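Written below as C-alpha cells is the structure these notes are about.
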Amino acid sequence: MSEICNIVVLTGAGISAESGVPTFRGPDGLWEGQRVEDVATPEAFARDPDLVLDFYDQRRANLGKVEPNPAHHALGRLDAAWQGELLIVTQNVDDLHERGGAKRLLHMHGELKSGWCLACGARHPFEGKMAQRPPCPVCSASGHVRPDIVWFGEMPYRMEEIDAALSACDLFVSIGTSGAVYPAAGFVQTARHYGARTLELNLDPSEGSIFFEESRMGRAGDLVPAWVD
Ligand code: BV8
C-alpha cells in the first residue's frame, strides 16, 4: 500500500477479538452474557442502573488483563509513518488502539476509561467502579457519573469530523465489524459516494460486504499487518 493519500479506517470488536475481548454478536447473540437491550440503552440505565454500571465496571476491569494484538500495533505503525491524512474511527470502547500506538484515533461510541457526570456535564478520565457511586472529580456531586459510552438511541461522537474525513478520503478500510450498527455501517457507502476505494478485512462476510470493492477474509492479526507493512 503506497500511493494513496487520505485514509479512513473503521474498526469494530473483531480487531480486539484476538486480544481476548469478546465480540458482540457471537453465536449466542449476547453481549458478554447480557442482552443489548438490558445494558446498552438509556432506558436500561434508568430501569436498572446497578446492572448497567456493573456491566461496564466488569469490562473496564478486564482492560487490565488484555494486550494489544498485531493488528493494533500495525495500525500504530501506519499512524506513525503515514504522510497523508489518516483517521482511525473505532466503534470499540477499549483502549487497545492507544496502547498499540494509534494517535489519529476517534472513539465514536465512547470509552470505558471515561466518565460522564450528569450533574455538571463534565466528561473525565475514569478508572475503578461506577457502581460504587464515586463523586465527580469536577463538581464533587456523588452518584451522578455514568459510563461515557454511546448507547443505542444516542448520537455517536464527532460525526461531523467523521463525515468530513469520509468525504475527503481516497481509501476506506473496515476492520473487524459486522456492519450491523448505524451510522458506522453506512460509512462505506458514504466513502464510495465520494469516490474512495473500499477494502474490508474481516473474519466473515459482514452485512455490508456487498458495498466493498475488495474483501479479504481472515483474522485481523494476520490481515492488518499484511496490509500495512
Ligand atoms: C443513533 C457501545 C440516532 C456500547 C454500541 C431505534 C432507535 C434509535 C436508533 C435506532 C433504532 N433502530 C435502529 C437504530 C439505529 C441504531 C442501530 O444501528 N441499531 C441496529 C441494531 C439496527 N444505532 C444507534 O442507536 C446509534 N445511534 O442512531 O442515533 C440519533 C440521531 C440524532 C440524535 C440522537 C440519536 C448508536 C449505536 C451505538 C450503540 N453502541 N457500542 C458498548 O460497547 O457497550 S454498538 C456496538 O455494536 C459496538 O460499539 C459496535 O459499534 C456495534 C457493532 O459491533 P461490532 O463492533 O461490529 O462487533 P460485532 O460483534 O457485531 O462483529 C464483530 C465482527 O468481527 C464480526 O463481523 C466478526 O466476523 C469479526 N471478527 C471476529 N473475530 C475477528 C473478526 N474479524 C477479524 N479478525 C478476528 N479475529
Side-chain angles (χ1 to χ4, degrees), residues 9-45 51-63 66 68-72 74-75 88-97 106-114 116 130 146-160 162-163 173-189 199-212 215-227:
V9 177
L10 172 68
T11 68
I15 200 171
S16 296
E18 290 157 74
S19 297
V21 178
T23 63
F24 293 106
R25 288 162 189 84
D28 58 8
L30 293 181
W31 280 12
E32 301 190 33
Q34 298 287 354
R35 287 174 358 110
V36 65
E37 300 77 20
D38 296 341
V39 288
T41 64
E43 295 76 15
F45 183 60
L51 173 77
V52 173
L53 293 177
D54 187 55
F55 174 65
Y56 287 97
D57 284 350
Q58 286 177 36
R59 291 169 66 191
R60 188 177 308 107
N62 285 337
L63 290 180
V66 297
N69 65 55
H72 296 108
L75 291 183
I88 301 168
V89 180
T90 188
Q91 302 172 89
N92 300 339
V93 293
D94 63 52
D95 62 346
L96 293 175
H97 277 303
L106 188 160
H107 283 271
M108 68 178 289
H109 289 161
E111 300 173 68
L112 285 170
K113 297 181 85 169
S114 178
W116 178 12
M130 285 186 190
R146 63 158 270 188
D148 186 14
I149 298 278
V150 177
W151 286 327
F152 286 96
E154 295 185 326
M155 190 64 172
Y157 293 151
R158 298 166 63 182
M159 283 303 297
E160 284 181 19
I162 295 170
D163 287 337
V173 184
S174 176
I175 304 169
T177 182
S178 61
V181 174
Y182 289 83
F187 290 172
V188 59
Q189 291 166 276
L199 170 64
E200 179 179 51
L201 307 178
N202 211 56
L203 192 64
D204 311 306
S206 71
E207 293 187 27
S209 287
I210 54 168
F211 298 116
F212 286 89
S215 282
R216 296 176 194 165
M217 297 292 113
R219 290 154 36 111
D222 302 324
L223 293 177
V224 180
W227 169 63

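For ligands, and for the atoms within them, numbers begin at 1 and follow the listed sequence. The shown structure was predicted, so the numbers you read here are calculated from the model rather than taken from an experiment.
At least one N or O atom of Leu203, backbone or side chain, sits closer than 3.5 Å to an N or O atom of ligand 1. Inclusion of Gly12 in the set of residues having an N or O under 3.5 Å from an N or O of ligand 1 is not warranted. The shortest N/O to N/O separation between Phe55 and ligand 1 does not fall below 3.5 Å. Considering backbone and side-chain atoms together, Thr177 places an N or O closer than 3.5 Å to an N or O of ligand 1. Some N or O of His109 is nearer than 3.5 Å to an N or O of ligand 1, by distance alone. At under 3.5 Å, a nitrogen or oxygen of Glu18, whether backbone or side chain, sits near a nitrogen or oxygen of ligand 1. Residue contacts with ligand 1: Asn202 is placed with a nitrogen or oxygen under 3.5 Å of a nitrogen or oxygen of the ligand (distance criterion only). Between Phe24 and ligand 1, an N or O atom pair is found at a separation short of 3.5 Å. Between Ala17 and ligand 1, no N or O atom pair is found at a separation short of 3.5 Å. Looking at ligand 1, you'll find an N or O of Ala13 within less than 3.5 Å of one of its N or O atoms.
Two residues are said to be in side-chain contact when any heavy atoms from C-beta on lie closer than 4.5 Å; Ser174 and Ser206 fail this criterion. In this structure the side chain of Trp227 reaches within 4.5 angstrom of the side chain of Val9, judged on heavy atoms. Contact annotation: the side chain of Thr11 never approaches that of Thr177 to less than 4.5 Å [non-hydrogen atoms, C-beta and beyond]. A heavy-atom distance below 4.5 Å is not found between the side chains of Met217 and Leu203. Contact check for Ile175 versus Leu75: side-chain heavy atoms found under the 4.5 Å cut-off. Counting heavy atoms from C-beta outward, Pro147 and Leu112 have side chains that stay 4.5 Å or more apart. The shortest side-chain heavy-atom distance between Asn92 and His107 does not fall under the 4.5 Å cut-off. With a 4.5 Å cut-off on side-chain heavy atoms, Met108 and Val150 do not count as touching.
Side-chain atoms of Asn62 and Gln58 include no donor-acceptor pair closer than 3.5 Å.
Per-residue contacts place Pro156 under 4.0 angstrom from the following atoms of ligand 1 (heavy atoms of the residue considered): 27 (N). Residue-ligand proximity, Glu154 to ligand 1, at heavy-atom distances under 4.0 Å covers atoms 1 (C), 26 (C), 27 (N), 29 (O), 35 (C), 36 (C). The atoms of ligand 1 that sit less than 4.0 Å from any heavy atom of Gly176 are 63 (C), 64 (C), 65 (O), 76 (N). Atoms of ligand 1 lying under 4.0 Å from at least one heavy atom of Tyr56, given by number and element, are 4 (C), 42 (C), 44 (O). Within the listing of ligand 1, atoms 78 (N) sit less than 4.0 angstrom from a heavy atom of Arg219. Set against the non-hydrogen atoms of Ile149, the atoms of ligand 1 under 4.0 Å away are 2 (C), 4 (C). The ligand atoms of ligand 1 that sit less than 4.0 angstrom from a heavy atom of Arg59 are 42 (C), 43 (O), 44 (O). Atoms of ligand 1 lying under 4.0 Å from any heavy atom of Val181, numbered from 1 in the order shown and given with element: 18 (O), 37 (C), 47 (O), 52 (C), 53 (C).
Phe212 pairs in a side-chain contact (heavy atoms from CB on, under 4.5 Å) with only one of the listed residues (Val188, Leu199, Val173), which is Val188. Under the ring pair (Phe, Tyr, Trp, His ring centres under 6.0 Å) rule, Phe45 has a single partner from Trp151, Phe152, Trp116, which is Trp151.
Under a 4.0 Å heavy-atom criterion, Ala184 is not in contact with ligand 1. Taking 4.0 Å as the cut-off, Gly221 does not count as a neighbour of ligand 1 on heavy-atom distance.
The closest non-hydrogen atom to atom 72 (C) of ligand 1, taken over Gly179, Gly110, Gly14, Pro22, comes from Gly14. Distances from atom 69 (O) of ligand 1 to the heavy atoms of Asp204, Ile15, Leu223, Val224 put Asp204 nearest.
Going from atom CZ of Arg216 over to atom CG of Leu223 covers 8.0 Å, rounded to the nearest 0.5 Å.
Nearest heavy-atom pair across Pro156 and Pro183 is CG-CD, 3.6 Å.
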